[in-house]
Protein chains: 2
Amino acid sequence: MSNIGIKDIAARANVSTATVSYVLNGTRNVSPKTRERVLAVIEELNYKPNDIAKSLKRRRTDTIGVIAEDVTVFNTPEIIDGINDYGDRHDLHILLTNLRLDKRIGRDFTNLDKYRRYAASAVSELLSKQVDGIIYIGVHTRDLTGLIDTEGKPIVYTYGYTQVDMAIQYNDEQASYEAMSYLIEKGHRKIAIISGLMDSIPSRLRLNGYYKAVTEYELPFDPQYIKMGDWERESGYGLTKELLQLPEPPSAILAMNDVMAVGVLQAAKESGVQIPADLSVIGFDNREFSDYLSPRITTMDIPLHEMGYKAMEALHCLMQGKPYKPAEMPVCRLIERDSVGLLRN
Amino acid sequence: MSNIGIKDIAARANVSTATVSYVLNGTRNVSPKTRERVLAVIEELNYKPNDIAKSLKRRRTDTIGVIAEDVTVFNTPEIIDGINDYGDRHDLHILLTNLRLDKRIGRDFTNLDKYRRYAASAVSELLSKQVDGIIYIGVHTRDLTGLIDTEGKPIVYTYGYTQVDMAIQYNDEQASYEAMSYLIEKGHRKIAIISGLMDSIPSRLRLNGYYKAVTEYELPFDPQYIKMGDWERESGYGLTKELLQLPEPPSAILAMNDVMAVGVLQAAKESGVQIPADLSVIGFDNREFSDYLSPRITTMDIPLHEMGYKAMEALHCLMQGKPYKPAEMPVCRLIERDSVGLLRN
DNA sequence: CTGTTAGCGCCTTCAA
DNA sequence: TTGAAGGCGCTAACAG
């Protein structure tokens, strides 16, 4: 086991520990000869620096804490992947905390007390571990103001935000607007939308994009085309049935997630309407399964990797006291598949 | 910022730093009065211990390194969740390393040089961070012998193994045997199997389970019923077409993953055969989408959470020098849905 | 029951 | 270009 330290190699190379430290970190010029000698001994003894000691001294760990509300929720792994991507390039390590919210308190976000305890202890542990900063990954975008106190350590939120901290979000409004534009390009004018829960920010923003498109393209506006879903398949199913029953049913449906789009497909199938011949569908999230359904569904891909990457980049700036220039919001991208038909009229 | 340390609170409470340490860790009896006083000051100053310093002294970090070959691959998040579950209960923290193999070198596992470099540097960084042990999560089960050297630190593999280290695997043979039994219970006797790549251990083990069932239940054995797939949808599709063309087509197909099962569904649909009326299908993995297909497919759920939990448990034993009693292998569980029909006759 | 103190392994100022 | 030495914040003998 690696009991050898800087002083062992110093002794064996006939230099001071300071010199070893210098060659290790390139902190100061060292004559080529001594450097070689030191390096040789390091190699010979298979020396591995002890980052713990280093961190204690430098008062920096080059480690950031990631608090994931639930790593098993679909957005989280890709975000973490983005965080890693940036981390790898800048020698930043990740201490992962998984709140396991889905399993521990389910979707009942009103149970704030329990939640707050979990979150507080997670932050507290991370702080004790002396992380240089924290990234918080929520399971759905909402206002987390006042729930977390990092005692001055920088924090960046994604899939969530507070009124005071930095947060990385993608552009929801643009996304639904773009989906609408695509549908309109394909000749659709009677377009319905099935939203997620209305207490959700993305739902509201995407609805804005919808309204914007309706207005700009001067589509016939019909309040009946706007259905409030709850993100689950059943609501996609039920609301599609309603839509299909309308005297003037839509020719296209924009579902705010792929799960509800599954319900749309099912309702259409049962009602004998062909997708995309009779009805077009666009989903959201580009979940893996959206490519496995039949028809394969066209969907908006959320830039999760980029969000993780940018969150880390932003945090890194904060950690160094630099300001982070928020640049552009990450943007969703339409994945064209087979669920949208050309409407010739 | 938390500049206050043990000595600040010692001073303010008129005790020695040792006493503070003792009340903090409960390492020694402290008179109630002093304890109260110390606790009060800790509270008052909002003191947070510095685990880095503590680790340096104790030569233990209570942190384990998790090396994931790719966190975005479906098995990984659930395994990590299991690791967290155990970790939460035992105050063990997770330093996560993501090799990002899928994105960096794809599925070309023959590119060992590149892989070895990534793995070696991951281990090396973790070792420098003084983790107390390592859990390795592969993207698919294979022999990793000789690829990783942890210099004596304990390591546990899952979704992968070596000839010398501990590994947590689920029971593949039992899984396919159980799936077969279920099919047989439902009256099927002509059962085909679509395997994954044959250089994969799970493929071979599951095939064993298949053979075992064929033998024990004295099913008519037909080599034509055994098809070699490659885990991808297209192979499920193509091989099903072949199966359907047989003079005596099977009444049920066991696909070694849900992705290939998607191909089975598609082929069946195109060939006008109804599932489950004319053909039954069982998948593997219980991927989320298996519940979204139509019909919803019956599949074998892999105990990922349990594997992560057990891997951590095993590692924890190793870390303490205790032997780990491997007990039972985690077992797969059949998720009954709608893709298997009762064959009367 | 409590205090004193020597490090853990490394970095970095100060001096040479 | 190099060394000596004082901590970083905490734990755990050892001593009282």
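- Across all strands, B:Asn14 comes closer than 4.0 Å only to sugar-phosphate atoms, never to a base (heavy-atom distances).
- A distance-only check finds a donor-acceptor pair linking the side chain of B:Asp70 to the backbone of B:Asp102 [under 3.5 Å].
- A straight line from CD1 of B:Ile52 to P of C:dC10 spans 14 Å, rounded to a whole angstrom.
- Listed pair B:Ser16 / C:dT4 fails the phosphate criterion, with no side-chain N or O lying under 4.0 Å from OP1 or OP2.
- Dashed line: the shortest gap from a side-chain N or O of A:Thr34 to OP1 or OP2 of D:dT1 is not under 4.0 Å.
- In this structure, of C:dC11, C:dG3, C:dG9, it is C:dG3 that holds the atom nearest to the side chain of B:Val15.
- Between A:Thr17 and the phosphate of D:dG3, there is no side-chain N or O to OP1/OP2 separation shorter than 4.0 Å.
- Comparing atom distances between the B:Lys57 side chain and each of C:dG9, C:dT12, D:dC10 picks out D:dC10 as nearest.
- A donor-acceptor distance shorter than 3.5 angstrom exists from the side chain of A:Thr158 to the backbone of A:Ile168, with no hydrogens or angles considered.
- The closest donor-acceptor contact from the side chain of A:Ser55 to the backbone of A:Asp51 lies under 3.5 Å.
- In this structure, the CG atom of B:Asn50 is 8 Å from the C1' atom of D:dC8, given to the nearest Å.
- Distance CD1 (A:Ile6) to C1' (C:dC8): 13 Å, rounded to an integer number of Å.
- Between C:dG3, D:dG3, C:dC10, one nucleotide has an atom nearer to the side chain of A:Ala18 than all others, and that is D:dG3.
- Closest of all the heavy-atom pairs between B:Ile201 and B:Arg142 is CG1-CA, 4.5 Å.
- Checked against C:dC10, C:dG3, C:dG9, the side chain of A:Pro49 finds its nearest nucleotide in C:dC10.
- In this entry the distance linking NZ of B:Lys54 with C1' of D:dC8 reads 17 Å, nearest Å.
- Proximity of B:Ile80 to A:Leu96: side-chain heavy atoms (C-beta onward) are separated by under 4.5 Å at one or more points.
- Remark: side-chain polar atoms of A:Thr17 are not paired, donor with acceptor, to backbone N or O of A:Lys7 under 3.5 angstrom.
- Of the candidate nucleotides C:dC8, C:dT2, C:dT4, C:dT2 has the atom nearest to the side chain of B:Val30.
- Comparing B:Arg35 and A:Leu24 along DNA chain C, the residue whose closest nucleotide (by nearest heavy atom) sits nearer the 5' end is B:Arg35.
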Can you give me every donor-acceptor pair (side chain of residues 310-317 of chain A, partner residue at least two apart or in another chain, under 3.5 Å) with its distance?
residue  : atom : partner  : partner atom : Å
A:Lys310 : NZ   : A:Glu306 : OE2          : 3.1
A:His316 : ND1  : A:Tyr86  : OH           : 2.7

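- Considering only side-chain N and O atoms, B:Ser21 lies under 4.0 angstrom from the phosphate OP1 or OP2 of D:dT11.
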Distances under 3.5 Å between protein N/O atoms and the N/O atoms of nucleotides 14-16 of chain D, please, pair by pair.
residue : atom : partner : partner atom : Å
D:dC14  : N4   : B:Arg28 : NH1          : 3.2

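- Using a distance-only test at 3.5 Å, with no hydrogens or angles considered, a donor-acceptor pair links the side chain of A:Asp132 to the main chain of A:Thr61.
- Remark: B:Asn25 is in phosphate contact with D:dT11, judged by side-chain N or O atoms under 4.0 Å from OP1 or OP2.
- Within 4.0 Å of A:Val20, counting heavy atoms only, lies no atom of the nucleic acid at all.
- With C:dC10, C:dG3, D:dG9 as the choices, the nucleotide that has an atom nearest any side-chain atom of A:Tyr47 turns out to be C:dC10.
- The interatomic distance linking B:Lys129 (NZ) with C:dC10 (C1') rounds to 14 Å, in whole Å.
- At least one side-chain nitrogen or oxygen of B:Asn29 sits closer than 4.0 Å to the OP1 or OP2 atom of C:dC1.
- The CZ-P distance, from B:Arg59 to D:dG9, rounds to 20 Å in whole Å.
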